[in-house]
Amino acid sequence: MADETFRAGPWRITCLIDGGLTFGADVFPQVSGERQAELLAAAGLGGAETEFNAYVLRHDDGRVWLVDTGCGAGFGPAGGKMPERLAAMGIAPSDVSRVIYTHLHGDHCGGALVDGAPVYAAAEVVVHAREAAHWRGTEGLGAQVLTACGDALCCVEDDADLGDGIAVWALPGHTPGHMGLKIGEDLVLAGDIIHSEALQLPDPENATKYDVDGPLALASRRAALAEIADKGLVWAGSHMIGAKFARLERDGSGYRKTPL
């Protein structure tokens, strides 16, 4: 699929896919295999397919920001292509002035470092303060990214104004500092509130094993999906397949994705 771009005010937001995979049934441990098969069949899928989506934001004044840096080499040969994808758009790593992380799981920050050094060395790095606190002192990749950032790190709080019509959208639970972005009047980047549209949009109660705080992640997912649907927002999710910018409609106790 060709890269998809959405215009929000002075920003052009382009989704870049950095690999993908099919989740095993064990990723949704509270959903029976029979129910998973039923939901996947209804969506025309043979498995819980996902893709790793990152975003490049280009301002009319020439600035370039990234939201997440892709999965790097940790998730198969299809990943780790962000610099190449950016180069095809005429963007060098040195052109990126800000990197905003939805959170610091490896499929979102795996493309941040090469041999321990930042790929986007000229960029300010924006992370939620709770996310930084969660990873500091651990041996995880998130901690390595934070250390490598040095003075370029900028920790933000809920609802922080990032300038030029972009604000933090706090979505805690998946990780303590998991966040999305609100861009302009009607676009939201929703991070990992959904890992499998087929399994979670019809029933938002369905959760993955990756959530640090399951009840809080569920509350964030419920609230985010309701806001997107009820306000008629355009949303983009870090694990969406198919159309990368879409709307939501309520469908019984769940939701369905609708094209723009």
Please lay out, stage by stage, how Leu233 and Glu185 fare under the test side chain to side chain contact (heavy atoms under 4.5 Å, CB included).
CA-CA 8 Å; Leu233 303 176; Glu185 296 296 322; over 6 Å; no
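- Side-chain atoms of Thr175 and Glu131 form a donor-acceptor pair, as typed in the model, at a separation below 3.5 Å.
- The one candidate from Gln200, Arg221, Gln30, Arg222 that meets the side chain to side chain donor-acceptor pair (under 3.5 Å) condition with Glu205 is Arg222.
- Checked by atom type and distance alone, the side chain of Arg130 pairs as donor or acceptor with a backbone atom of Pro176 at under 3.5 Å.
- Here the side chain of Lys182 pairs no donor or acceptor atom with the backbone of Asp159 at under 3.5 angstrom.
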Intermediate values then yes/no, side chain to side chain contact (heavy atoms under 4.5 Å, CB included), His128 and Asp158
CA-CA 8 Å; His128 197 289; Asp158 295 359; 2.7 Å; yes
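- Two residues are said to be in side-chain contact when any heavy atoms from C-beta on lie closer than 4.5 Å; Met240 and Lys257 meet this criterion.
- Looking at Lys244 and Glu51, their side chains come closer than 4.5 Å, going by heavy atoms from C-beta outward.
- Side chain of Asn53 to main chain of Cys15: no donor-acceptor pair is present (N/O by atom type, distance under 3.5 Å, no hydrogens or angles).
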For side chain to side chain contact (heavy atoms under 4.5 Å, CB included), just list the numbers for Phe245 and Thr5, CA-CA rounded to whole Å, side-chain angles, deciding distance to a tenth of an Å, and then say yes or no.
CA-CA 8 Å; Phe245 299 93; Thr5 298; 5.7 Å; no
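- Residues Leu225 and Leu248 have side chains in contact (heavy-atom distance under 4.5 Å, counting atoms from C-beta outward).
- In this structure, Asn206 contributes its side chain and Leu199 its backbone to a donor-acceptor pair below 3.5 Å.
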I'd like to know whether Leu153 forms a side chain to side chain contact (heavy atoms under 4.5 Å, CB included) with Val127, so could you lay out the CA-CA distance, the side-chain angles of the two residues, the decisive distance to 0.1 Å, and finally the verdict.
CA-CA 7 Å; Leu153 180 65; Val127 178; 3.9 Å; yes
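- To the nearest 0.5 Å, atoms CD (Glu124) and SG (Cys149) are separated by 10.0 Å.
- More than 12 heavy atoms of other residues, nucleotides or ligands lie within 6.0 Å of NZ in Lys209, so this atom counts as buried by the packing criterion.
- The closest side-chain donor-acceptor pair between His103 and Asp68, if any, does not fall under 3.5 angstrom.
- No more than 12 heavy-atom neighbours from other residues, nucleotides or ligands sit within 6.0 angstrom of CG on Asp151.
- Using a distance-only test at 3.5 Å, with no hydrogens or angles considered, no donor-acceptor pair links the side chain of Trp169 to the main chain of Ala224.
- Here the side chain of Asp211 pairs no donor or acceptor atom with the backbone of Asp213 at under 3.5 angstrom.
- Each of His239, His108, His105, His195 was checked for a ring-ring contact (aromatic ring centres under 6.0 Å, His included) with Phe52, and the lone residue meeting it is His239.
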